Amino acid sequence: MPRPIEALVHPAALAHNLARARGAAPDARLWAVVKANAYGHGIERAFEGLRGADGFALLDLAEAERVRALGWRGPVLLLEGVFEPRDLELCSRLNLWHVVHCNEQIDWLAAHKTQQPQRVFLKMNSGMNRLGFRAAALRAAWARLNALAQVDEISLMTHFSDADGERGVAHQVAAFEAATRDLPGERSLSNSAAILRHGLRSDWVRAGILSYGSAPDFPQHDIRHWGLRPAMTLRSRLIATQQLQSGDTVGYGSRFVASGPQRIGIVACGYADGYPRHAGTDTPVLVDGVRTGTVGRVSMDMLAVDLTPVPQAGIGSEVTLWGHGPHGSLLAIDDVAQAAGTIGYELMCAVAPRVPMRVAADVEP
Ligand SMILES: *Cc1c(COP(=O)(O)O)cnc(C)c1O
């Protein structure tokens, strides 16, 4: 028998979450952001749930090929644009739209031989200071692109640094609007946090993390607040139990010391499965759908959980590391991430290749 750990992808939850994005930005067309292999879910596994989007946005050219191989003929956008001149050949062949964020990319376009003019998203650096043209250089970049026979339509985009937090987006929106006021073309501004929190109008919004059922502004708001559902479940089983006495320790480094008699379970899940090693004692976990906590250090292949609230649990009991558990129970990935000092994004992207992952059969997660 294989180790009992597995990950499930829930198409109904993906579709539900995408519908939430539509509800929050009803006038916009919707990019489903599927970079990083659909945030760890697998592009092929996530496709069914996300195909209601208007387009797919990603970074990796190989991932763009996979989206086309699934039969998707609608828009595909390369969020970082091309990385070298010959990438433009693939853009022509697969009809990929691409971001232009620097002058070198314009040079490459100018030298590109194609019969098919390409659609580009000119990126403004409105304050994030990663990619894009500053306000002073934007107009010249637009004029250069506009003069190229290789370029068809020019859209405008920017990316927010603080859509999930206190600083907000107003300063970047103002910079973007001032710099682009008299330029034609469609606009794309919002990521998940901006879609949910700021209600900006633009032609295209870019929904990433919200589609996967993690709250972009956790802990200020959780998935229940935003009406989102986990799109991934990581689950396993108990492979042993231990009865501790007062003073007994658990795991490497003896980081947990029992203060009295206590029953614990050993779960077939460790950091080599992508579970965060930084999750300390009391990281939330479900056993038979009952919320309890981890005990001691996470090791490579195992972790321990407190069975005090689930006295009936034994070998084979189902353990939900995050996502949907038995009897309608639910553990948000954000709760686990917080206990490990990280964010839901990182955990879902980090599920290890050794964990079998499949599309859940259930219609409703
Ligand atoms: C990743 C990414 C997004 C999606 O961000 P979320 O916070 O996951 O919604 C949007 N736009 C760009 C440019 C990105 O790189």
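Whatever order the structure lists them in is the order used to number ligands and atoms, beginning at 1. Just so we're clear, the structure is a prediction, and the values are computed from it rather than from any experiment. Counting begins at 1 with the first residue of the sequence.
- In this structure, the ring of Phe47 has its center less than 6.0 angstrom from the ring center of Phe56.
- Taking the centre and axis of the six-membered ring of Trp31, the NZ or CZ atom of Arg206 falls outside the cone set by 45° and 6.0 Å.
- Taking only nitrogen or oxygen atoms, main chain and side chain alike, Leu79 does not reach within less than 3.5 Å of ligand 1.
- Between the side chains of Asn129 and Asn125, at least one donor N or O sits under 3.5 Å from an acceptor N or O.
- Here the shortest heavy-atom distance to atom 1 (C) of ligand 1, taken over Lys35, Lys123, His159, belongs to Lys35.
- Side-chain polar atoms of Thr114 and Ser92 form a donor-acceptor pair below 3.5 angstrom.
- Annotation: His98 is not in aromatic contact with Phe121 [ring centroid separation under 6.0 Å not met].
- Taking the side chain as every heavy atom from C-beta outward, Asp334 and Asp222 never approach each other to under 4.5 Å.
- For ligand 1, none of its N or O atoms has an N or O atom of Met157 under 3.5 Å away.
- Among the atoms of Arg206, some N or O lies under 3.5 angstrom from an N or O of ligand 1.
- Listed by number with element, the atoms of ligand 1 under 4.0 angstrom from any heavy atom of Tyr345 are 6 (P), 7 (O), 8 (O).
- Ser192 OG, 2.5 Å is the protein heavy atom nearest to atom 9 (O) of ligand 1.
- Considering Phe121, Tyr39, Trp31 only, the shortest heavy-atom separation from atom 4 (C) of ligand 1 involves Tyr39.
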